[in-house]
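In what follows, a structure is listed as structure tokens, so that the remarks can point back to it.
Order of listing sets the numbers, starting from 1, for every ligand and every atom in it.
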Amino acid sequence: MNILAVASELFPLVKTGGLADVTGALPKAIAQYDIRVRTLLPGYPQVMRPVTARVKLADFTLLGARASLWSVFHEGLDLVILDCPELYERPGGPYVDEDGVDHPDNWRRFAALSKAAACIAAGLLPGWKPDLVHMHDWQSALTCAYLRAAGVSIPTVLTIHNLAFQGQFPTSVFPALELPDDFRGIDHMEYYDDICFLKAGIRMADAVTTVSPTYAREILVEDLGMGLQGVLATRRDVMHGIVNGIDTDVWNPATDPHIAANYDYRSIGRRRVNRMKLVDACGLEDGPGAIFSVVSRLTWQKGLDLLVPVIPGIVDRGAKLIVHGQGDRQFVAWLLEEVKRYPGKVSVKIGYDEATAHLIHAGSDAIIQPSRFEPCGLTQLYALRYGAIPVVGRTGGLAETIIDANDAAMSARVATGFQFQAGSVEDLYHAIDRALLTYDQPATWRKLQTQAMKADFSWARSARHYASLFSRLGEKARRVPFRPFHVRQPAPRIALHS
Ligand code: ADP
Ligand code: GLC
């Protein structure tokens, strides 16, 4: 079976978070089910630069811009790069400029990505056509709208990685999307007087998945539905929660080139060497005491403001804290204040650096994730594999991937971390306290680390769920003439490209 995945980021070429880890790992994991994934990715400078060995597939016009498609094989991944300098060749990240401000034409940049995907699904590429299209997040969610508008019948799956990012834009941009007029309405894209790309995907995809079963339930109610709970409820019967896996080649303490000493669960003692390197790299005082770390976007979702009030408690108990991340200026300022207050005990590394993230997992004793909500979370899964005990808010994927070290779980030898009530500073502190009490009993801590490191969150299990969903939809499309999700009016057919 051939799948066209459509993504706005992909590891190792361009990454702002876990989405890239997933789009980079899933194609490799799912290959064992005879499913071949080709991923369409925008030609940002950070994508075009390293992929010099490429073959041109097509030239075409996309929402008024000249574009080309290139075929590239990169580190085991089969990619189609959408080269459209007018939309993607600019400084900054995939979504923001150098000052962290959203590119003003993001609606056009990602509508173009979606439209290019629809063109490919309709047969634009010589000798290759997918059997199913897999969209990731709002940036590619319009693909099913373009497919439907052109009358192209092919199954589509939308994976929601984070409902907080919806692709909401003023209706004034609608005419430039080149979609049928009735798509502007409440059944399709209308969203509180604006238009919403993610809503189009939720309404029109044949199946909607999200990245953990818990989050799939949470987003159906107001608290975490972020305004889309009603729309999601209309597609409840085609919603699935599939927990993410991790790429166990990229995140493997036994072979990781970014860390000072490789180890596995039988040689946990070697983590000491990584601790020394980490302490040195972060300018922390040498000496005993647990090291807690955070590797995260510094945002409200991730609850960094909940962490600040517990820092004095961490330091008073003789432990240390490292925070590595970038994001909200206010959070950065608060954290830097704590560094001044506790030199040698608190270290804050502002920035985004893959190697540092790996070393932190290998050298820290515990990783804290105070997220207010977390669709899946990959950091806690990397932490498990590296024997850094996760301390996590009980929400979304965190709640279902970490087993709290309560007495029952400890005696059953299944505990892997500490949970607290998400959003509660008090309970966060209580969890840190419980972690420190356990840390003071080396044999028990070692047991917990071993259990954590043995937990299996490789992609094998999750890829099987995706494979079975894709196969079911593909099979259905073969058996009965495929009809995309019905909307009230049959849409007028539009030409996809010139
Ligand atoms: P999200 O996608 O919401 O940010 P995840 O836990 O799913 O959260 O994924 C975060 C990914 O980004 C992980 O691979 C993590 O290691 C990485 N990451 C986050 N912050 C940094 C940073 N400052 N430097 C390097 N990697 C980071
Ligand atoms: C999003 C979510 C995160 C998830 C990641 C990959 O960024 O915030 O929880 O792990 O996507 O699916």
Side-chain angles (χ1 to χ4, degrees), residues 5 7-12 14-26 93-95 134-139 158-166 198 209-216 218-219 224 226 241-247 250-251 256 258 281-282 293-304 322-328 331-332 335 347-362 364 367-386 388 390 392-393 395-402 422 457 459 462 466:
S8 56
E9 46 184 282
L10 170 139
F11 181 84
V14 53
K15 166 170 167 177
T16 71
L19 167 63
D21 290 351
V22 173
T23 57
L26 182 55
Y95 319 118
H134 186 191
M135 304 164 282
H136 293 273
D137 276 348
W138 73 265
Q139 291 89 347
L158 168 70
T159 294
I160 300 173
H161 294 264
N162 192 337
L163 203 58
F165 305 108
Q166 304 183 347
L198 191 65
T209 74
T210 186
V211 289
S212 69
T214 307
Y215 191 61
E218 288 172 342
I219 56 180
L224 290 181
M226 307 212 159
I242 305 177
V243 74
N244 288 331
I246 62 172
D247 188 325
V250 177
W251 291 90
D256 193 329
H258 301 301
C282 294
S293 293
V294 175
V295 178
S296 178
R297 293 186 281 118
L298 307 179
T299 62
W300 184 84
Q301 174 197 342
K302 301 292 179 179
L304 268 295
I322 297 169
V323 179
H324 178 43
Q326 59 188 13
D328 191 295
F331 294 167
V332 172
L335 290 166
S347 169
V348 174
K349 275 185 164 303
I350 300 303
Y352 194 95
D353 184 61
E354 202 68 26
T356 306
H358 283 243
L359 180 63
I360 289 177
H361 284 81
S364 308
I367 298 281
I368 308 180
Q369 273 170 280
S371 308
R372 287 189 164 85
F373 66 93
E374 195 62 74
C376 178
L378 292 170
T379 306
Q380 82 281 9
L381 305 182
Y382 301 144
L384 288 175
R385 186 141 163 89
Y386 279 63
V392 303
T395 182
L398 300 177
E400 70 188 56
T401 55
I402 302 304
F457 281 101
W459 264 106
S462 310
Y466 277 107

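At distances below 3.5 Å, not a single donor-acceptor pair connects side-chain atoms of Ser293 with backbone N or O atoms of Ile367. A donor-acceptor distance shorter than 3.5 angstrom exists from the side chain of Glu400 to the backbone of Thr214, with no hydrogens or angles considered. Here the side chain of Asn162 pairs a donor or acceptor atom with the backbone of Ala164 at under 3.5 angstrom. Within the 3.5 Å criterion, the main-chain N or O of His161 finds a donor-acceptor partner in the side chain of Asp137.
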May I have a table of the N/O to N/O pairs between ligand 1 and the protein that fall below 3.5 Å, each row giving the two atom names and the distance to 0.1 Å?
{"unit_1": "ligand 1", "atom_1": "2 (O)", "unit_2": "Gly18", "atom_2": "N", "d": "2.6"}
{"unit_1": "ligand 1", "atom_1": "3 (O)", "unit_2": "Arg297", "atom_2": "NH2", "d": "2.7"}
{"unit_1": "ligand 1", "atom_1": "3 (O)", "unit_2": "Lys302", "atom_2": "NZ", "d": "2.8"}
{"unit_1": "ligand 1", "atom_1": "4 (O)", "unit_2": "Arg297", "atom_2": "NE", "d": "2.8"}
{"unit_1": "ligand 1", "atom_1": "6 (O)", "unit_2": "Leu378", "atom_2": "N", "d": "2.8"}
{"unit_1": "ligand 1", "atom_1": "6 (O)", "unit_2": "Thr379", "atom_2": "N", "d": "3.3"}
{"unit_1": "ligand 1", "atom_1": "6 (O)", "unit_2": "Thr379", "atom_2": "OG1", "d": "3.2"}
{"unit_1": "ligand 1", "atom_1": "7 (O)", "unit_2": "Leu378", "atom_2": "N", "d": "3.3"}
{"unit_1": "ligand 1", "atom_1": "8 (O)", "unit_2": "Lys302", "atom_2": "NZ", "d": "3.1"}
{"unit_1": "ligand 1", "atom_1": "9 (O)", "unit_2": "Gly18", "atom_2": "N", "d": "3.2"}
{"unit_1": "ligand 1", "atom_1": "14 (O)", "unit_2": "Lys15", "atom_2": "NZ", "d": "2.8"}
{"unit_1": "ligand 1", "atom_1": "14 (O)", "unit_2": "Asp21", "atom_2": "OD2", "d": "2.6"}
{"unit_1": "ligand 1", "atom_1": "23 (N)", "unit_2": "His324", "atom_2": "NE2", "d": "3.4"}
{"unit_1": "ligand 1", "atom_1": "23 (N)", "unit_2": "Gly351", "atom_2": "O", "d": "2.9"}
{"unit_1": "ligand 1", "atom_1": "24 (N)", "unit_2": "His324", "atom_2": "NE2", "d": "3.1"}
{"unit_1": "ligand 1", "atom_1": "24 (N)", "unit_2": "Asp353", "atom_2": "N", "d": "3.0"}

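Contacts of Ser296 classified as side-chain contact (heavy atoms from CB on, under 4.5 Å), with partners at least two apart in sequence or in another chain: Val294, Lys302, Leu304. Scanning for ring pair (Phe, Tyr, Trp, His ring centres under 6.0 Å) contacts around Phe331 gives Trp334, with sequence neighbours left out.
At a cut-off of 3.5 Å, with distance as the only test, a side-chain donor of Thr159 or His134 sits close to an acceptor on the other residue. A donor-acceptor pair shorter than 3.5 Å cannot be found between the side chains of Tyr386 and Ser364.
Using a 4.0 Å heavy-atom criterion, the residues that approach ligand 2 are Gly18, Leu19, Val22, His161, Asn162, Val211, Asn244, Arg297, Gln301, Glu374, Pro375, Cys376, Gly377, Leu378.
Residue Ile242 forms a side chain to side chain contact (heavy atoms under 4.5 Å, CB included) with just one option from Cys376, Pro213, Ser462, and that option is Ser462.
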